[in-house]
Protein chains: 2
Amino acid sequence: MRLEQATIKDIARELQVSSSTVSRALKDYPGISDETKRKVKEMAEKLNYRPNAIALSLRKSRSFTIGVIIPEVVHFFFSTVISGIEEVAFSRGYNVILTQTNEKLAREKSSIDTMLSNQMDGFLVSYSKETTDFQHFSKLLNQGYPIVFFDRVPEISGAIHVIVNDYAGAYAATKHLIQQGFSRIVHLAGPSNLKISQERTRGYKDALHEFGIPFLPELLVECTQGSDEEAHKITAELLKSISPRPDAFFANNDMAAMGAIQACKSAGFAVPQDIGVVGFSNWQFCSIVDPSLSSVAQNGFRIGSTATEILLDWIEKKINPDTIEPSVVLETELLVRKSSVRT
Amino acid sequence: MRLEQATIKDIARELQVSSSTVSRALKDYPGISDETKRKVKEMAEKLNYRPNAIALSLRKSRSFTIGVIIPEVVHFFFSTVISGIEEVAFSRGYNVILTQTNEKLAREKSSIDTMLSNQMDGFLVSYSKETTDFQHFSKLLNQGYPIVFFDRVPEISGAIHVIVNDYAGAYAATKHLIQQGFSRIVHLAGPSNLKISQERTRGYKDALHEFGIPFLPELLVECTQGSDEEAHKITAELLKSISPRPDAFFANNDMAAMGAIQACKSAGFAVPQDIGVVGFSNWQFCSIVDPSLSSVAQNGFRIGSTATEILLDWIEKKINPDTIEPSVVLETELLVRKSSVRT
DNA sequence: TTTTTTTATGCACACGATTGCGGTAACGAT
DNA sequence: ATCGTTACCGCAATCGTGTGCATAAAAAAA
């Protein structure tokens with residue numbers, strides 16, 4: 001069925017030379033006559049020869065492939081990260097193998113297993129929400145496998161992290177709301193076991209403190225799922241139960257922010273006149289919704305590309321993971337749109 | 001540095017048996033004593049043995065890896081497709097190698113090259129906007145490589161397609177707008193060289209015809225980029241230049257639909273009271289924007305999973321591509337929300 | 001012509017796993 | 001004692017490529 005791919009041996013047979021000569025000729029090794037090189041290259045062209053990367057991988061114990069493990073592909077942020085990863089990997093001649101864990105620890109572990117079988121040169125990981133123990137990662141690190149974590153990063157030694165300055169982003173967002181005259185600011189937080197959530201909450205608290213606004217525990221709500229429905233429900237309840245009512249929402253992600261806006265509208269409040277809202281991530285839809293949603297932008301593409309550059313440098317031993325800064329922190333940017341600016 | 005992965009030979013050496021015995025013991029071949037099997041498996045466990053998939057690929061000329069080529073990762077529709085692909089591939093024990101072409105033909109070709117070097121077992125492709133000649137694909141097909149195209153499919157022989165019923169979706173959307181009392185319906189079409197665009201336009205025209213509404217060429221506008229800015233601009237112009245003004249917009253994608261809505265609002269029209277809008281794709285944000293956007297849903301996850309099932313069946317020779325239906329058409333579903341329903 | 005040097009090429013093995021075939025014990029039967 | 005059978009297991013080749021070492025031929029030096 002399948003027309004066999006031409007191999008070095010085929011070229012060798014056609015030209016009545018040994019396969020080692022062909023191999024060397026193709027790579028312009030010294031010690032091969034120009035005449036032979038020419039003939040070999042011609043024949044390679046003619047037979048449509050393509051080196052077998054599998055055989056090469058076996059020989060060199062290098063696959064020129066990196067494994068990417070993320071919670072979900074269908075997520076604007078992660079898809080931009082993937083885009084950044086793919087871009088850099090491609091330009092540097094590496095393949096990208098992708099698996100999503102769907103936030104399951106078991107899936108995370110089995111993905112690593114198959115990737116190890118496939119001799120990945122390194123890993124890019126954002127771990128699942130279920131993951132609380134990082135044995136499976138630190139074991140790999142100890143065995144010398146390069147791993148760069150991004151977005152969600154574990155606190156284990158030897159790893160390199162690429163993250164955004166969640167603290168500063170949350171601080172800026174909260175500060176902005178305060179400066180717009182809002183003072184009873186709710187924080188719709190993310191799962192507290194994720195460091196990013198903790199950092200954002202810390203930024204929120206610090207900004208309040210900075211401006212002399214007391215932190216009220218009842219204004220800090222954990223949204224475990226981060227969906228718009230969840231945020232909608234929580235927001236509706238808060239608006240009813242707390243008095244005086246909250247006058248602003250700083251959400252851990254844009255989806256939750258949208259849920260909050262809807263709930264506010266349903267409750268008869270105008271955004272941003274009555275209630276200000278700021279999200280986090282700067283998803284695509286932020287600029288096209290009405291009112292447009294202010295959000296803290298985290299450049300997913302740069303996270304992906306930066307993490308990949310570091311990983312490949314590590315793989316190619318251009319850097320030493322023990323001597324460089326273990327955390328790369330990219331800056332966030334608060335994009336102020338209509339949802340948070342009182343007119 | 002890297003702790004070497006244990007190989008079959010390591011197990012063999014430890015146990016003073018041959019590597020072939022180890023191989024057979026691990027696979028429960030007959031002709032190996034239970035005692036030996038037990039010892040081999042114990043040692044494998046102890047040494048943390050993991051079969052080297054690369055070596056296996058070389059031996060069997062099978063990599064258990066499929067190559068996915070898509071225009072862009074950062075695109076809600078494609079990310080859902082990827083999710084479907086990944087899900088099926090993982091459950092059937094295959095790896096997924098991903099590349100994006102960024103709509104460039106050159107990138108598409110070079111991706112195929114590296115994938116061929118890496119001995120992919122098959123391909124899933126949605127080609128770039130630049131691609132008008134399909135030589136590079138038909139060549140592969142002739143060589144016996146399985147390729148399943150999805151969403152954007154070429155008209156070449158031997159390929160299998162997985163697409164959605166764009167025609168029916170567009171027809172339903174247009175019909176719905178007509179039944180809501182709209183009659184001067186603009187179609188913001190996609191690039192006319194893509195078959196999906198042609199089909200949607202055909203559905204639009206047929207629905208008009210069905211209800212006795214004359215087709216006006218000035219109401220059919222091609223949006224080559226499909227961005228909200230582009231649609232915004234075009235819509236604003238149409239509202240000014242055409243008299244009597246259009247009273248509805250059926251957009252080729254949701255982003256364009258959002259641009260149209262914004263333009264309508266800016267021009268002082270209310271959606272859906274004055275102007276009805278329907279999009280295509282059912283992106284995530286459709287339900288959370290205001291007014292919520294009616295859209296034709298195309299189930300990306302199912303497209304991805306279906307295409308992958310077919311591809312793997314083909315690879316594993318469970319199906320014969322010459323005898324089965326070359327096109328799998330998945331149904332679309334019109335989701336009616338507020339943007340198109342007159343109150 | 002003989003010896004040395006250069007040039008060009010081939011041999012053989014390695015990478016890790018699989019597998020057809022052959023070999024060697026042990027045991028029972030004749 | 002000899003043969004046949006059975007149960008286990010090892011040898012060696014294979015997949016495609018790269019590379020150290022040997023080697024042959026050719027050219028240069030003596």
Side-chain angles (χ1 to χ4, degrees), chain A residues 2-41 43-44 47-65 93 114-121, chain B residues 2-41 43-44 47-65 93 114-121:
Chain A
R2 166 101 42 99
L3 267 66
E4 302 296 328
Q5 265 291 359
T7 73
I8 275 192
K9 287 182 190 170
D10 296 323
I11 301 178
R13 189 170 352 93
E14 291 293 321
L15 264 42
Q16 304 285 356
V17 295
S18 79
S19 53
S20 35
T21 301
V22 174
S23 173
R24 282 188 267 249
L26 287 172
K27 310 213 119 194
D28 273 331
Y29 260 53
I32 301 290
S33 70
D34 291 348
E35 172 67 7
T36 311
K37 283 183 185 173
R38 193 185 52 73
K39 282 200 287 189
V40 166
K41 287 177 180 172
M43 186 57 71
L47 296 182
N48 195 21
Y49 168 76
R50 231 181 285 276
N52 185 322
I54 297 286
L56 244 157
S57 297
L58 182 58
R59 182 96 226 285
K60 306 247 168 151
S61 312
R62 287 281 317 276
S63 62
F64 285 93
T65 304
T114 69
M115 285 189 173
L116 279 182
S117 278
N118 284 79
Q119 313 293 113
M120 299 290 98
D121 291 342
Chain B
R2 166 101 42 100
L3 266 68
E4 302 295 329
Q5 265 292 359
T7 73
I8 273 193
K9 287 182 191 170
D10 296 324
I11 302 177
R13 191 172 348 97
E14 291 293 321
L15 263 45
Q16 304 286 357
V17 294
S18 79
S19 53
S20 33
T21 302
V22 175
S23 173
R24 283 188 266 249
L26 287 173
K27 310 213 119 192
D28 273 332
Y29 262 52
I32 302 290
S33 69
D34 291 348
E35 171 67 8
T36 309
K37 284 184 186 172
R38 192 185 51 72
K39 281 201 286 189
V40 167
K41 287 176 182 173
M43 185 57 72
L47 297 182
N48 196 21
Y49 168 76
R50 230 180 285 275
N52 185 323
I54 298 286
L56 243 157
S57 296
L58 182 59
R59 186 96 223 286
K60 306 243 167 151
S61 312
R62 287 280 317 277
S63 63
F64 285 95
T65 304
T114 68
M115 285 191 173
L116 280 181
S117 278
N118 284 77
Q119 312 294 114
M120 299 290 99
D121 291 343

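- Every residue was checked against the side-chain hydrogen bond (donor to acceptor under 3.5 Å, both in side chains) condition with S117(A), not counting sequence neighbours, and none meets it.
- Partners of R50(A) according to the salt bridge (charged side-chain N to carboxylate O under 4.0 Å, His left out) rule, which considers only residues two or more places apart in sequence or in another chain, are D113(B).
- Checked against side chain to side chain contact (heavy atoms under 4.5 Å, CB included), S23(B) has the following partners two or more places apart in sequence or in another chain: I8(B).
- Within the 4.5 Å cutoff, no side-chain heavy atoms of T7(A) are placed close to those of N52(A).
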Under a 4.0 Å heavy-atom criterion, the protein footprint on nucleotides 22-27 of chain D, written with B, S and -, is ------
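- Every residue was checked against the salt bridge (charged side-chain N to carboxylate O under 4.0 Å, His left out) condition with K39(B), not counting sequence neighbours, and none meets it.
- Rounded to a whole Å, the CZ atom of R62(A) is 16 Å from the C1' atom of dT17(D).
- Atom CG of L116(B) is separated from atom P of dG16(D) by 15 Å (rounded to the nearest Å).
- Between the CD atom of Q119(A) and the C1' atom of dA17(C) there is a distance of 12 Å, rounded to whole Å.
- The distance between atom CZ of R13(A) and atom P of dG16(D), rounded to the nearest whole Å, is 11 Å.
- Scored by the side-chain hydrogen bond (donor to acceptor under 3.5 Å, both in side chains) test, K41(A) finds D28(A) as partners (sequence neighbours excluded).
- Between the CG atom of L15(A) and the C1' atom of dG10(C) there is a distance of 15 Å, given to the nearest Å.
- Listed by chain and residue number, D10(A) satisfy the salt bridge (charged side-chain N to carboxylate O under 4.0 Å, His left out) test with R13(A) (two or more places apart in sequence, or in another chain).
- With the end axes of the helix from dT1(C)-dA30(D) to dT30(C)-dA1(D) each set by five pairs, the angle from one to the other reads 80° at 10° resolution.
- Taking I32(A) as the reference, T21(A), R24(A), A25(A), T36(A), K37(A) meet the side chain to side chain contact (heavy atoms under 4.5 Å, CB included) condition, with sequence neighbours excluded.
- Evaluation of the side chain to side chain contact (heavy atoms under 4.5 Å, CB included) rule for K60(B) yields L56(B), R62(B) as partners, not counting sequence neighbours.
- With rounding to whole Å, L26(B) atom CG is found 13 Å from dT19(C) atom P.
- Atom OH in Y29(A) sits about 16 Å away from atom C1' in dA8(C), given to the nearest Å.
- In terms of the ring-ring contact (aromatic ring centres under 6.0 Å, His included) criterion, residue partners of F64(A) (sequence neighbours excluded) are, by chain and number, Y94(A).
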Protein heavy-atom contacts under 4.0 Å, written 5' to 3' over nucleotides 9-15 of chain D as B (base), S (sugar-phosphate only) or - (none), form the string BBB--BB
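- If you measure from atom CG of D10(A) to atom C1' of dT17(D), you get 13 Å, rounded to the nearest angstrom.
- For the pair L47(B) and E14(B), the minimum side-chain heavy-atom distance is below 4.5 Å.
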